[in-house]
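Everything quoted here is computed from the prediction, not taken from an experiment.
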Amino acid sequence: MAGHTYFDFIVPAGSLTDTDKIAYGDFMIKAEVLGNPINQDSWISGPENGFRCDSSPKVHYHGCVYPDVISQFWLTATPDVSEEAEHVWKAQNQPALTLPPSGTPKKIPGSRASGEPLQRMVNAADKKANNDKSARYCRTYWGRGYSQNNTMQCDEYPFQSTYQGSAMGGAATSHFSVDVISTAHNRKAGEHLDKFYNDQRILDQDRFYVDVLRADGQPYGRGDAIPVGPAAPIEYPQCENSSMPEVKDVTTKSPPTDTFQNYARNTPDGWTGGDSTYSVTLPDGRRLWVFSDTFLGPLNSDGTRPTNAKLVNSTFVVQNGEQLTTITGGTKENPDAIMPPTEPGYWYWAGDAMLADINGTKYLQVMYQEYHRFGEGAWDWRFNRNVVATFSLDDLREPERIDQLPSSANVVWGSALLEASRSGDGYTYIYGLSDAPINKKMRVARVKGTDLSRVDGWQFFDMQEGSWMRDEREGAASLTGVANEYSVTPWNGGFVLISQDSTEAFSGKIRIWHSCNPYGPYASRVDHNLVYHMPEPGPYGSYGDGNIISYNAHVHPSLQQGDVWTLSYNVNSMDNRVSWDGAHYRDPGIYRPRFVSFRLEPS
């Protein structure tokens, strides 16, 4: 008959010097089968069972467990811990997408599928070492102000209370993940873990597995924390003025060409050349220039560049009238990129910039793309992820925080920005592209207001679906032929897009398109869409050098005066030799932006 039986055991109390008061015992059930008709041996012996008892202060009260049984911690993705659940699931199932990156494939332990359980660690100094190392990584990847007034915290997996944590698990970076999540979610998840330690009597070095469940108890999946599907229908209001733009009165070497040339010749330690060349007007009227790769001065007395000239991946130049001032990271003696590399072989390139109003305070936000060099070849590098850096206007040398942006669809975001104040509908539009050697394709996203870091509010344009979609991978490419940097600017009741033509490799043509909406569709008149033909590139260009290229054409709203517009583009040489006769050293003027002005009028 069914029932249960209680057994009483008396085991030693454990060593008096052992704070856990651990004692071990064994038992074996031996049962007699009455009336056994088969043989005379009616006794059946069960397996030997070892158990452990303790009165450890690390868990509540005293009790006993089977120590050879590996316990299971189920983290259920209820709304109060959903961010923690998403981080743990991603670390276990998509480790290559986690930070920090690794030069070898990441394999993060802890899940039952991995076959590698975690082990609890109780030593306070070792837990602090895990926490400190993870916090350093969070500061590197999310900026000095990643806590956002302690509303966010650095989260690590495996947990800091395990021997597999960031510092204790070894010197390599392939075994752990860090993320910045809500303080409330992090604390609540910590409460769940502490309860598990207590309920299951998990002592120092005890093993356990971690797996994630949905709130309804079903296995967790990638889409469970990411909303998908349509967010809003696409609307196509008509233009008040449907005329296509006509380019008139093109003028080269427009301001601020001479301002930059003079500065480069005379600066003792500032900007002497760079690319990207985005600009934004600061609240006090000064103009901020955003550059990617930047050479720093001084130049030699004969105008050449010394071969020991410093090259950093990102800088700002502040323009106040005709006066320029360079801002770098690092120190005056050892300048570094404003966005320094996170790991060897990684670097950031700048995207567009804008002013954001966050809780009533204005900040500078700059979009950056992180790239990774994986080989020695000239083209052995690839896109890694998009971020937005938020800077206090009182200190532009280092971002307050860095937020990760959508990057799962391999879209390079930040080609252009159209702020909510200029879009006409309260949305800020974020432009990017699906990159390719030629025929690059435009991508469009938007977010309500001016804070680009609100990634939960990003929506992605899909013309065929007729909807703004919730997930980046649901968005679709639209216009073909834009380049990596371009601009979208209000004009005559509609919008104009200006970009280098990418339907031809290394094209010198800068073209214009028109739409009634910030998101398109964009169209152009085939015989009237050429803004300017860059004369520098190729063996038949003005340099007569096949290594010369031109790129990154876009308009600067900060330079617009009435119907006179100014665009910039960059010139570069693929001769990267660091020698007195290398292109960038014998002629520093190659690697500087060109400024071209023109008028736009209805055709």
Thinking salt bridges, do [X] and [Y] make one under a 4.0 Å N-O criterion?
X: E116; Y: K107; result: yes
X: D206; Y: R52; result: yes
X: D20; Y: R201; result: no
X: R373; Y: D380; result: no
X: D403; Y: R401; result: yes
X: D132; Y: K128; result: yes
X: R187; Y: E84; result: no

Does a donor on one side chain sit under 3.5 Å from an acceptor on the other, for [X] and [Y]?
X: D204; Y: Y163; value: yes
X: N384; Y: H372; value: no
X: R385; Y: Y348; value: yes
X: Y591; Y: D275; value: yes
X: E472; Y: W413; value: yes
X: Q205; Y: R120; value: no
X: K106; Y: T98; value: yes
X: T450; Y: T428; value: no
X: S177; Y: E156; value: no
X: N149; Y: T151; value: no

Handout entry: Heavy-atom pair with the smallest gap, counting every atom of P406 and F460
Key = CG-CZ, 3.8 Å
Side-chain donor or acceptor of [X] paired with backbone N/O of [Y] under 3.5 Å:
X: S55; Y: H62; value: no
X: Q200; Y: V65; value: no
X: Q164; Y: Q119; value: yes
X: T267; Y: G297; value: no
X: E474; Y: G229; value: yes
X: N186; Y: T183; value: no
X: R382; Y: Y371; value: no

Exercise for the section: Would you please test D471 and R473 for salt bridge (charged side-chain N to carboxylate O under 4.0 Å, His left out) and show each step? Expected result: CA-CA 5 Å; D471 186 77; R473 292 163 294 183; 2.9 Å; yes
Exercise for the section: Decide if atom CG of N359 counts as having more than 12 heavy atoms of other residues, nucleotides or ligands within a radius under 6.0 Å. Expected result: no
Exercise for the section: Check whether any side-chain heavy atom of F196 sits under 4.5 Å from a side-chain heavy atom of N198, and report yes or no. Expected result: no
Exercise for the section: For residues W289 and Q319, determine if any side-chain heavy atom of one lies less than 4.5 Å from a side-chain heavy atom of the other. Expected result: yes
